[in-house]
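For reference, the structure is listed below as structure tokens.
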Amino acid sequence: MGLPRGHLRPFSTAAVRLRRPPSGSISHEVKDNKEWQQELEQHIARGQLALARQVFDRIPAPDARAYNALIRAYSWRGPFHAAIDLYRSMLYFRVPPNKYTFPFVLKACSALADLCAGRTIHAHAAAVGLHTDLFVSTALIDLYIRCARFGPAANVFAKMPMRDVVAWNAMLAGYANHGMYHHAIAHLLDMQDRGGLRPNASTLVSLLPLLAQHGALFQGTSVHAYCLRAYLDQNEEQVLIGTALLDMYAKCKHLVYACRVFHGMTVRNEVTWSALIGGFVLCDRMTEAFNLFKDMLVEGMCFLSATSVASALRVCASLADLRMGTQLHALLAKSGIHADLTAGNSLLSMYAKAGLINEATMLFDEIAIKDTISYGALLSGYVQNGKAEEAFLVFKKMQACNVQPDIATMVSLIPACSHLAALQHGRCSHGSVIIRGLALETSICNSLIDMYAKCGRIDLSRQVFDKMPARDIVSWNTMIAGYGIHGLGKEATTLFLSMKNQGFEPDDVTFICLIAACSHSGLVTEGKHWFDTMTHKYGILPRMEHYICMVDLLARGGFLDEAYQFIQSMPLKADVRVWGALLGACRIHKNIDLGKQVSRMIQKLGPEGTGNFVLLSNIFSAAGRFDEAAEVRIIQKVKGFKKSPGCSWIEINGSLHAFVGGDQSHPCSPDIYHELDNILIDIKKLGYQADTSFVLQDLEEEEKEKALLYHSEKLAIAFGVLSLNEDKTIFVTKNLRVCGDCHTAIKYMTLVRNRTIIVRDANRFHHFKNGQCSCGDFW
DNA sequence: TTAGGGTTAG
């Protein structure tokens with residue numbers, strides 16, 4: 001036959017080594033081809049592929065039928081290379097392949113995603129006029145789609161003289177697997193209109209995950225109705241269809257329907273359970289998700305798999321239930337599943353989210369072949385645990401190991417720059433996403449907006465925002481929040497209005513960002529207006545976070561009594577964060593009586609954080625009541641709470657320099673302290689007086705003045721003055737709020753050293769210039 | 001048919 005010379009590589013001699021003496025249960029008799037064929041097929045039917053191969057090798061002159069039987073067996077479960085090798089040997093011995101050969105050898109190519117071999121075999125089939133055969137064409141479509149070649153797949157489909165539902169399904173599965181929603185829907189309609197075919201169970205099993213991915217609940221419900229009408233949910237594929245429907249409802253966050261499908265199923269498998277558990281996790285109903293997981297275990301241990309445990313581990317991470325998480329870890333180890341990559345990554349992520357970053361690192365080291373997700377889980381673990389520099393090291397290691405970062409990796413990495421307030425690192429990460437072609441991805445832009453805002457470049461945030469091809473609600477919220485931390489309440493409001501004009505519905509987070517922006521800008525009336533708008537116009541039920549913002553807004557604006565009344569009128573029981581916001585304002589406005597009252601309320605709730613002890617102690621100190629301040633600190637110590645030390649840092653030429661109060665560890669310390677002493681002399685000439693009420697200990701006035709002078713933010717600024725040219729802005733970040741005395745002193749520093757100074761503290765940005773601060777002393 | 005890392009607020 002006239003097969004064209006293809007590009008298949010020459011087969012190995014091993015592949016054509018024939019006629020070995022028989023062994024084992026192989027017959028020694030002389031047989032005709034029909035008898036050999038029977039023996040061959042018997043072994044194949046029993047799954048004895050090695051014996052089948054021995055029989056095949058005994059056949060003196062195997063015909064196409066013998067070749068096809070073995071190729072089909074190999075293409076079913078592998079080894080797939082053996083199927084292709086056998087096809088090559090068929091060509092070598094000039095046994096013409098037929099319409100029963102091509103579909104199976106193509107299936108093997110598809111399993112190996114071997115496009116090169118597949119194309120050659122396509123050419124062979126075309127040469128003998130078999131390329132438009134129904135089964136050959138379907139196998140070709142499968143192959144091309146597996147290799148993401150939609151054009152050739154569509155060409156093959158178009159040339160088919162007749163198509164059955166399997167052929168239509170092959171194309172549909174391709175569109176669906178690649179998330180091509182519109183192509184898939186158009187193809188489905190075409191199948192019914194032009195093809196005159198009704199979708200079968202396979203059609204819908206391909207289609208439903210796509211609908212789930214796109215949250216297409218309406219279409220999904222129509223599919224459900226179709227299943228019921230066509231009795232598709234009652235055949236032997238009930239588990240597949242039922243699970244796909246359940247998953248679609250779960251991903252569309254319609255758990256009532258998902259549960260209804262689940263309870264209506266008479267047969268369930270591990271996937272069914274995993275899909276439902278995943279749905280509850282998606283809807284943040286963690287306790288119910290975990291109960292379902294336990295029910296699943298009760299129903300049968302055979303359901304335990306890496307996938308179902310992955311959801312359960314996510315629940316443990318979210319509920320911070322480490323005890324249960326470690327039990328699951330043990331369960332996985334006992335079942336031998338812990339070596340699975342999914343399971344390993346899930347465990348690693350659980351420990352990282354629980355703050356046990358060392359355990360997470362150990363697990364990471366134990367994973368033999370790490371993928372992008374393993375690196376991503378560890379990297380985000382470091383970022384979430386405040387170890388931004390370690391996160392960069394993981395990123396470097398990832399690149400060294402040739403594991404490609406993807407969108408999620410970069411979205412995890414970019415906030416590390418925000419945490420360090422390291423603009424240089426941030427710009428490098430921006431460059432990195434540009435090189436990778438990811439710079440216009442919505443989630444990437446969102447983290448860039450946030451990063452630039454937190455690194456003091458709100459102008460660059462806005463540039464990224466303006467250039468985005470598609471924005472989501474997070475984009476708008478992040479930009480509004482960015483304006484908020486820069487004290488640009490008016491800009492935040494303007495952006496909110498244009499968001500509405502562009503047809504975006506604000507969500508609960510939008511209002512948190514907006515009210516916080518008003519709070520940081522002293523726009524008390526506007527903030528109150530937006531809170532009312534949120535509840536009355538948008539029907540958003542305020543969460544504790546909204547109340548915190550409102551108390552902060554009122555109290556910081558000086559309306560301490562109104563804030564107190566507001567807390568009393570809350571429908572929720574105010575938690576420590578709400579009272580903490582009021583206590584913080586009592587400190588700023590030096591209202592000791594209310595501060596004491598509030599601190600009593602906090603004590604009733606039980607101390608849940610260290611910040612409140614510090615605040616209360618500060619209030620007493622500010623009033624000169626040092627004994628009581630000391631008492632609060634003793635209680636704090638006895639109860640085992642540690643105050644995080646105030647720390648400031650500054651980036652000079654891409655390197656970070658960190659300082660704590662009174663720090664002398666920096667190599668330039670003598671120069672820094674000398675410069676600070678000179679600055680103190682100069683600013684005193686302009687009228688600066690140290691506000692010693694900010695000193696927490698009972699010291700002599702002069703000592704108090706020194707204690708203030710060496711606050712971490714002042715040390716960092718002095719280092720900035722020494723290291724940067726006059727035209728450069730000094731940008732300092734502080735982990736706590738900037739102290740009141742420093743705030744005053746920095747204003748004077750801008751005058752005596754002719755500098756622009758930006759301090760990003762735990763709360764907001766302070767732009768100091770010409771003796772003024774952008775916050776208008778409202779911090 | 002399921003599943004593992006990611007962006008906003010307080």
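The analysis underlying the following values was restricted to heavy atoms, covering all of them including side chains, and did not include hydrogens, waters or symmetry mates. Order of the sequence lines sets the chain letters (A, B, ...), proteins ahead of strands, with each chain counted from 1.
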Nearest to side-chain heavy atoms of [X], which nucleotide of [options]:
{"X": "Ser349(A)", "options": "dG4(B), dT1(B), dG10(B)", "result": "dG4(B)"}
{"X": "Ile512(A)", "options": "dG6(B), dG10(B), dG5(B)", "result": "dG10(B)"}
{"X": "Ala408(A)", "options": "dT1(B), dG5(B), dG4(B)", "result": "dG5(B)"}
{"X": "Glu270(A)", "options": "dT8(B), dT2(B), dA9(B)", "result": "dT2(B)"}
{"X": "Asn269(A)", "options": "dG10(B), dT8(B), dT1(B)", "result": "dT1(B)"}
{"X": "Asp247(A)", "options": "dA9(B), dT7(B), dT1(B)", "result": "dT1(B)"}
{"X": "Ser447(A)", "options": "dG4(B), dT7(B), dT1(B)", "result": "dT7(B)"}
{"X": "Asn477(A)", "options": "dT7(B), dT8(B), dA3(B)", "result": "dT8(B)"}

Rounded to the nearest angstrom, tell me the gap between atom [atom1] in [X] and atom [atom2] in [N].
{"X": "Phe531(A)", "N": "dA9(B)", "atom1": "CZ", "atom2": "P", "value": "19 Å"}
{"X": "Phe364(A)", "N": "dG4(B)", "atom1": "CZ", "atom2": "C1'", "value": "14 Å"}
{"X": "His419(A)", "N": "dT8(B)", "atom1": "NE2", "atom2": "C1'", "value": "12 Å"}
{"X": "Arg543(A)", "N": "dT8(B)", "atom1": "CZ", "atom2": "C1'", "value": "11 Å"}
{"X": "Met410(A)", "N": "dG6(B)", "atom1": "CE", "atom2": "P", "value": "15 Å"}
{"X": "His224(A)", "N": "dT1(B)", "atom1": "NE2", "atom2": "C1'", "value": "14 Å"}
{"X": "Asn345(A)", "N": "dA3(B)", "atom1": "CG", "atom2": "C1'", "value": "11 Å"}
{"X": "Asp340(A)", "N": "dT2(B)", "atom1": "CG", "atom2": "P", "value": "16 Å"}

Should [X] be listed as having a side-chain N or O under 4.0 Å from OP1 or OP2 of [N]?
{"X": "Ser380(A)", "N": "dG6(B)", "result": "yes"}
{"X": "Gln384(A)", "N": "dG6(B)", "result": "yes"}
{"X": "Lys251(A)", "N": "dT1(B)", "result": "no"}
{"X": "Arg314(A)", "N": "dG4(B)", "result": "yes"}
{"X": "Ser443(A)", "N": "dG6(B)", "result": "no"}
{"X": "Lys353(A)", "N": "dG5(B)", "result": "yes"}
{"X": "Lys454(A)", "N": "dA9(B)", "result": "yes"}

Classify the nucleic acid contact of [X] as base, sugar-phosphate or nothing, counting any heavy atom under 4.0 Å across all strands shown.
{"X": "Ala516(A)", "answer": "sugar-phosphate"}
{"X": "Thr478(A)", "answer": "sugar-phosphate"}
{"X": "Leu348(A)", "answer": "nothing"}
{"X": "Thr272(A)", "answer": "nothing"}
{"X": "Val509(A)", "answer": "base"}

Mark yes or no for a side-chain to base donor-acceptor pair under 3.5 Å between [X] and [N], with no hydrogen or angle criteria applied.
{"X": "Asp406(A)", "N": "dG5(B)", "result": "yes"}
{"X": "Thr243(A)", "N": "dT1(B)", "result": "yes"}
{"X": "Thr409(A)", "N": "dG5(B)", "result": "yes"}
{"X": "Ser274(A)", "N": "dT2(B)", "result": "yes"}
{"X": "Asp371(A)", "N": "dG4(B)", "result": "yes"}

Under the rule for side chain to side chain donor-acceptor pair (under 3.5 Å), what residues qualify as partners of Thr203(A), not counting sequence neighbours?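 Once residues adjacent in sequence are excluded, the partners of Thr203(A) under the side chain to side chain donor-acceptor pair (under 3.5 Å) criterion are Asn169(A), Asn200(A).
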
message: On the six-membered ring of Tyr375(A), is Lys397(A) placed so that its NZ or CZ lies under 6.0 angstrom from the centre and within 45° of the ring axis?
response: no

*Residues forming a side chain to side chain contact (heavy atoms under 4.5 Å, CB included) with Gln399(A), sequence neighbours excluded*: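 Expected list: Phe395(A), Arg436(A).
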
Check: In terms of side-chain geometry, is the basic nitrogen of Arg146(A) or Asp142(A) positioned less than 4.0 Å from the acidic oxygen of its partner?
Finding: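 Salt bridge: no.
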
Quiz item: Do Lys528(A) and Asp532(A) sit within salt-bridge range, that is, some charged N less than 4.0 Å from a carboxylate O?
Solution: no

Is the Phe504(A) ring parallel, tilted or perpendicular to the Trp476(A) ring (thresholds 30°, 60°)?
tilted

### Aromatic ring pairing Phe566(A)/Tyr547(A), orientation class (parallel under 30°, perpendicular over 60°, tilted between)
tilted

